[in-house]
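Just the heavy atoms: all of them, side chains too, but no hydrogens, waters or symmetry mates, feed the values below.
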Amino acid sequence: MTSQVTRVLSVASECAPLVKTGGLADVAGALPAALAPLGVEMRTLLPGYPQVIKELKAAQLVAQFHDLFGGSARVLAATAAGLDLLVLDAPHLYDRGAGIYLNEDGLDWSDNAQRFAALSRIASEIANGALTDWQPDVLHCHDWQAGLAPYYLAKSDAANRVRSVITVHNMAFQGLTSVEALEQLEIDETDFTSDGVEYFGKISALKAGLVYADNLTTVSPTYAEELMTPDFGMGLDGVMRARRADLSGILNGIDETIWSPVTDPEIRPYKTPRGKASNKQLLRDEFGLPTSDGPLCVVVSRLTDQKGLDLLLEALPALLERGGQLALLGSGDPALEKAYLAAAEQPNVAVRIGYDEALSHRMMAGGDAILVPSRFEPCGLTQLYGLRYGTLPVVALTGGLADTVIPASPATLARQVATGIQFHPVTAEALTNALGKLCDLYADAKLWAKLQRNAMAHPVGWEHSAQRYATLYSNLTTDPQ
Ligand code: ADP
């Protein structure tokens with residue numbers, strides 16, 4: 001336990017439950033409560049999107065800026081959903097409909113570079129003492145949207161500069177923008193080099209973070225290793241290798257106050273795998289699926305190339321032949337949405353296109369297995385929910401999926417530690433084999449129940465990882481600059 005309080009400013013573009021498009025929001029939302037018992041006082045800086053502003057309680061104006069990338073802005077201190085927030089209220093950047101990153105046509109807002117450079121700029125100002133009554137000891141930036149904050153901080157001439165960490169939740173999103181924006185984004189021309197913010201002729205906000213932050217983390221140990229390879233580093237593997245000494249992988253946890261089969265208000269609560277049966281029946285009814293002898297597989301996912309769900313379409317006939325079923329909830333790539341809707345013409349396949357948090361809980365409770373065939377997966381959360389709910393994960397051997405699922409094998413079964421199935425390489429053929437193995441295991445009811453118990457007992461909370469972040473912050477504040 002750290003004896004002294006460490007103040008941390010966490011900077012993120014989304015934070016559950018207020019605004020979420022993916023796992024980053026869950027992590028940003030869960031970290032403050034997980035860290036509080038460890039002597040870390042974390043405040044979260046978020047953009048003032050309409051859905052955030054309307055939830056604020058007892059908002060206080062704590063800073064004002066007359067010209068922040070083309071308009072005036074203020075920082076509001078407030079609480080919402082149990083979070084201690086600093087909200088960047090800048091209507092010219094954030095007060096708009098459609099998505100937080102995408103416009104009505106599903107395209108990136110054309111000023112995304114400015115919108116998140118503004119967030120990063122204010123983060124660095126707060127780190128440098130812009131608020132009269134609170135200054136962080138550490139600046140913790142998440143993903144490209146906060147990537148310029150370590151740059152602005154490094155370039156400021158503050159004495160006793162606050163130390164910074166950047167966490168990569170997904171290397172695929174790099175915050176690229178044209179070189180013409182250098183001046184507008186207040187980036188020094190001399191920093192537009194391969195050792196600085198330049199990425200194949202463009203400015204990369206993520207690269208700025210990776211180069212200028214004092215410390216780098218990502219969300220699983222395996223992804224940390226993968227990021228240093230050309231296959232996964234997305235052109236930044238050299239930067240990651242250069243920063244190897246400052247890079248670590250800290251696994252995401254899940255918020256067990258939200259994801260627990262014992263207390264989940266969306267489901268028929270259960271403590272043992274037996275309690276899943278009634279949830280399974282309810283789920284089949286909800287999806288209009290008939291009874292069947294095979295496992296009911298669920299998928300809750302963005303429908304993108306990363307998630308490998310095109311491979312599942314190819315492997316699906318083999319699952320159905322064995323009496324298996326599929327219930328999928330997701331949205332994204334229109335071609336994949338269309339292909340899944342077509343697949344759902346079959347009797348044992350049901351598909352919901354959309355985003356539905358409550359339904360995702362019922363799927364975890366009612367499914368027998370959760371499928372995550374990702375081509376790459378920094379950490380992945382749905383396999384962790386699956387473990388907690390006794391819904392066995394069938395996952396690709398990559399990133400956080402490799403770190404969180406213990407594959408069934410004669411040795412792991414004998415030691416009673418197996419929690420799911422892993423497959424490699426990430427091909428339709430290997431997935432087909434994995435689904436065959438799933439059906440074999442499922443057919444042995446006694447063995448299946450054992451696997452479910454192992455899964456439900458596997459730790460998936462924040463405890464261990466929160467301790468690692470707390471240690472990292474504490475090391476940063478005590479290390480000589
Ligand atoms: P990523 O961040 O790459 O999308 P993760 O597995 O880390 O993947 O996190 C995804 C999060 O979003 C999980 O909490 C998952 O339950 C949720 N999610 C994804 N798609 C949907 C959907 N269509 N409906 C409800 N929740 C979803």
Side-chain angles (χ1 to χ4, degrees), residues 1-13 15 24-46 77 82-86 119-120 122-131 133-143 145-154 156 158-169 208-221 223-224 243-253 255 378-379 461-481:
M1 171 90 86
T2 329
S3 55
Q4 219 187 335
V5 170
T6 308
R7 290 185 216 93
V8 179
L9 179 64
S10 167
V11 189
S13 55
C15 183
L24 162 63
D26 292 286
V27 176
L31 270 182
L35 286 161
L38 304 174
V40 174
E41 179 186 300
M42 178 173 274
R43 300 182 89 177
T44 308
L45 176 67
L46 279 181
L83 295 158
D84 186 355
L85 298 179
L86 293 168
L119 183 74
S120 303
I122 297 308
S124 73
E125 297 285 335
I126 294 172
N128 280 336
L131 309 187
D133 60 348
W134 191 84
Q135 186 175 10
D137 304 304
V138 174
L139 184 61
H140 188 165
C141 306
H142 298 277
D143 273 352
Q145 292 90 344
L148 281 167
Y151 171 79
Y152 293 137
L153 191 60
S156 65
N160 293 326
R161 185 176 62 74
V162 161
R163 311 300 293 277
S164 60
V165 188
I166 185 161
T167 297
V168 180
H169 295 262
L210 301 178
V211 170
Y212 289 94
D214 295 295
N215 198 280
L216 276 49
T217 72
T218 187
V219 289
S220 69
Y223 196 54
R243 304 257 7 225
R244 179 189 288 271
D246 302 311
L247 170 66
S248 56
I250 304 179
L251 264 186
N252 285 339
D255 186 337
C379 178
W462 269 106
E463 243 161 64
H464 181 69
S465 297
Q467 184 61 63
R468 289 201 53 198
Y469 279 116
T471 304
L472 172 67
Y473 301 146
S474 150
N475 289 345
L476 276 173
T477 53
T478 49
D479 274 359
Q481 300 244 357

Could you tell me the separation between the CD1 atom of Ile166 and the OG1 atom of Thr218, rounded to the nearest 0.5 Å?
10.5 Å
Scanning both residues in full, the closest heavy-atom pair of Val165 with Ala213 reads C-CB, 4.3 Å
Taking Arg7's backbone N and O only, do any of them form a donor-acceptor pair with Arg43's side chain (distance below 3.5 Å, no angle check)?
no
Do Ser124 and Ser156 come close enough that some side-chain heavy atom pair is under 4.5 Å?
no
Find the distance between CG (Leu46) and CD (Gln145) and round it off to the nearest 0.5 Å.
11.5 Å
Only one of Asp246, Asp137, Asp214 passes salt bridge (charged side-chain N to carboxylate O under 4.0 Å, His left out) with Arg163; say which it is.
Asp214
What one should report as the nearest heavy-atom pair of Ala28 and Pro32 is O-CD, 3.2 Å
Give, for atom CG of Asp26 and atom CG of Asn252, the distance between the pair rounded to the nearest 0.5 Å.
8.5 Å
Shortest non-hydrogen pair, Asn128 vs Gln135, comes out as C-NE2, 3.6 Å
Looking at Val8, Leu45, Ile126, Thr6, which one forms a side-chain contact (heavy atoms from CB on, under 4.5 Å) with Pro136?
Ile126
Hey, can you tell me if Tyr469 and Trp462 have their rings parallel, tilted or perpendicular (30° and 60° cut-offs)?
tilted
Going by distance alone, is a donor N or O of one side chain under 3.5 Å from an acceptor N or O of the other, for His142 and Ser13?
no
Greater than 12 external heavy atoms within 6.0 Å of Glu463's CD
no
Do side-chain atoms of Ser465 reach the backbone of Leu251 as a donor and acceptor pair under 3.5 angstrom?
yes
Nearest-0.5 Å distance that lies between atom CG in Leu139 and atom OG in Ser120
9.0 Å
May I have the step-by-step check of side chain to side chain contact (heavy atoms under 4.5 Å, CB included) for Leu9 and Trp134, ending in yes or no?
CA-CA 10 Å; Leu9 179 64; Trp134 191 84; 4.1 Å; yes
Can you find a heavy atom in the side chain of Leu216 that is under 4.5 Å from one in the side chain of Val168?
no
Considering all heavy atoms of both residues, which atom of Cys141 and which atom of Ala149 are nearest to each other, and what is their separation?
SG-CB, 3.8 Å
Hey, does Leu131 have a side-chain heavy atom less than 4.5 Å from the side chain of Leu86?
yes
Just verifying a value: how many Å separate Asn475 CG and Asn215 CG, rounded to the nearest 0.5 Å?
9.0 Å
Closest contact, heavy atoms only, Arg243 versus Val211
NH1-O, 3.4 Å
Rounded to the nearest 0.5 Å, how far apart are OG of Ser10 and CG of Leu31?
6.5 Å
Give the intermediate values and the outcome of side chain to side chain donor-acceptor pair (under 3.5 Å) for residues Ser248 and Thr217.
CA-CA 5 Å; Ser248 56; Thr217 72; 5.7 Å; no
Provide the closest heavy-atom pair for Leu83 versus Gly29 in the form atom of the first, atom of the second, distance.
CD2-O, 3.6 Å
